[in-house]
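Reckoned from all heavy atoms, side chains included, excluding hydrogens, waters and symmetry mates.
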Amino acid sequence: QVQLVESGGGSVQAGDSLKLTCKSSGLAFNLYMAGWFRQAPGKEREFVAAVSWNGGSTYYEDSVKGRFTVSRDNTKDMVFLQMESLKPEDTAVYFCAADLLDYRADAVNYWGQGTQVTVSS
């Protein structure tokens, strides 16, 4: 079956960096757009970033533009999210997503289990 497994979350201070990694299995990963969503307590799951099937195009939510970088390595069936200049408002559970049809959470076909990112001021 399809599995997306995230790693790299943790607790950091404002201004620090983190890199999230997602490993896919059971999926022809290189055929699909992949990316990241996040969900803060009491809030809906929201789009963060996505990368096209070949890595040629990337898309970002406005609040993370210039701070986050999404990338992929199709030889390893992995997608990454490099996060710089983290802010307390970036605190959330971050979910890996594959086969995104658009930026809505209900338009994603495959999800990881999530990894917690906590940013302290």
Side-chain angles (χ1 to χ4, degrees):
Q1 74 276 22
V2 174
Q3 280 194 309
L4 301 175
V5 180
E6 302 99 334
S7 60
S11 296
V12 296
Q13 296 290 317
D16 285 350
S17 302
L18 275 177
K19 184 175 183 177
L20 305 184
T21 297
C22 174
K23 170 66 176 173
S24 168
S25 60
L27 180 70
F29 185 72
N30 61 337
L31 297 181
Y32 300 111
M33 179 172 284
W36 298 87
F37 285 67
R38 65 187 179 187
Q39 188 166 18
K43 296 189 175 181
E44 293 187 351
R45 194 170 297 188
E46 65 173 5
F47 171 78
V48 175
V51 57
S52 61
W53 65 275
N54 64 352
S57 298
T58 55
Y59 311 88
Y60 297 96
E61 191 270 329
D62 286 346
S63 71
V64 307
K65 284 180 181 177
R67 300 188 299 122
F68 291 11
T69 303
V70 62
S71 61
R72 68 191 298 161
D73 183 344
N74 285 341
T75 67
K76 298 179 179 178
D77 291 340
M78 298 176 79
V79 62
F80 310 98
L81 186 67
Q82 177 68 47
M83 304 185 291
E84 308 282 352
S85 302
L86 282 160
K87 304 175 181 180
E89 50 264 43
D90 294 318
T91 295
V93 177
Y94 283 71
F95 295 90
C96 178
D99 195 13
L100 291 73
L101 303 182
D102 66 29
Y103 302 147
R104 295 177 294 113
D106 62 4
V108 174
N109 284 321
Y110 303 105
W111 290 106
Q113 82 286 353
T115 186
Q116 177 71 46
V117 172
T118 303
V119 185
S120 308
S121 58

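- Expressed to the nearest 0.5 Å, how far NZ of K23 lies from CZ of F80 amounts to 9.5 Å.
- Note: the hydrophobic cluster containing M33 also contains V108 (ILVMFWY, side chain heavy atoms under 4.5 Å, direct or indirect links).
- Counting heavy atoms from C-beta on, the side chains of R38 and V64 come closer than 4.5 Å.
- Between K87 and D90, none of the side-chain N atoms (NZ, or NE/NH1/NH2) sits under 4.0 Å from a carboxylate O, so this pair counts as no salt bridge.
- Separation of atoms CE (M78) and CG (D73) is listed at 7.5 Å; rounding is to 0.5 Å.
- Relative ring orientation between F37 and F47 is described as perpendicular, the plane-to-plane angle rising above 60° on a 0-90° scale split at 30° and 60°.
- By the rule that hydrophobic residues join a cluster once side-chain heavy atoms approach within less than 4.5 Å of another member, Y59 and V51 end up as members of separate clusters.
- W53 and W36 fall into different hydrophobic clusters, where Ile, Leu, Val, Met, Phe, Trp and Tyr are joined by side-chain heavy atoms under 4.5 Å apart, directly or via other members.
- Shown here for L81 and A49, the closest heavy-atom pair between the two residues is CD1-CB, 4.1 Å.
- Closest heavy-atom contact between A50 and V70: O-CG1, 3.4 Å.
- Taking the six-membered ring where the residue is Trp, W111 and F95 present perpendicular rings, their angle passing 60° and hence far from 30°.
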Only pairs under 3.5 Å count here: list side-chain donor-acceptor contacts from residues 114-121, not counting sequence neighbours, and write none if there are none.
| residue | atom | partner | partner atom | Å |
| --- | --- | --- | --- | --- |
| T115 | OG1 | G9 | N | 3.4 |
| Q116 | NE2 | A92 | O | 3.4 |
| Q116 | NE2 | T118 | OG1 | 3.3 |

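- Shown here are the salt bridge (charged side-chain N to carboxylate O under 4.0 Å, His left out) partners of R104, two or more places apart in sequence or in another chain: D102, D106.
- Considering OH of Y110 and CG of D99, their distance stands at 6.0 Å, rounded to 0.5 Å.
- Both L20 and L86 are part of a single hydrophobic cluster, where members link through side-chain heavy atoms under 4.5 Å apart.
- Clustering ILVMFWY residues whenever any of their side-chain heavy atoms sit less than 4.5 angstrom apart, transitively, puts V12 in a cluster other than the one holding V93.
- Of the inter-residue distances, the one linking S52 atom OG with L100 atom CG reads 11.5 Å to the nearest 0.5 angstrom.
- With rounding to the nearest 0.5 angstrom, the CE atom of M83 is 11.0 Å from the OG1 atom of T69.
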Can you give me every donor-acceptor pair (side chain of residues 24-32, partner residue at least two apart or in another chain, under 3.5 Å) with its distance?
none

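- For the atom pair CZ of R72 and CG of N54, the computed distance is 8.0 Å after rounding to the nearest 0.5 Å.
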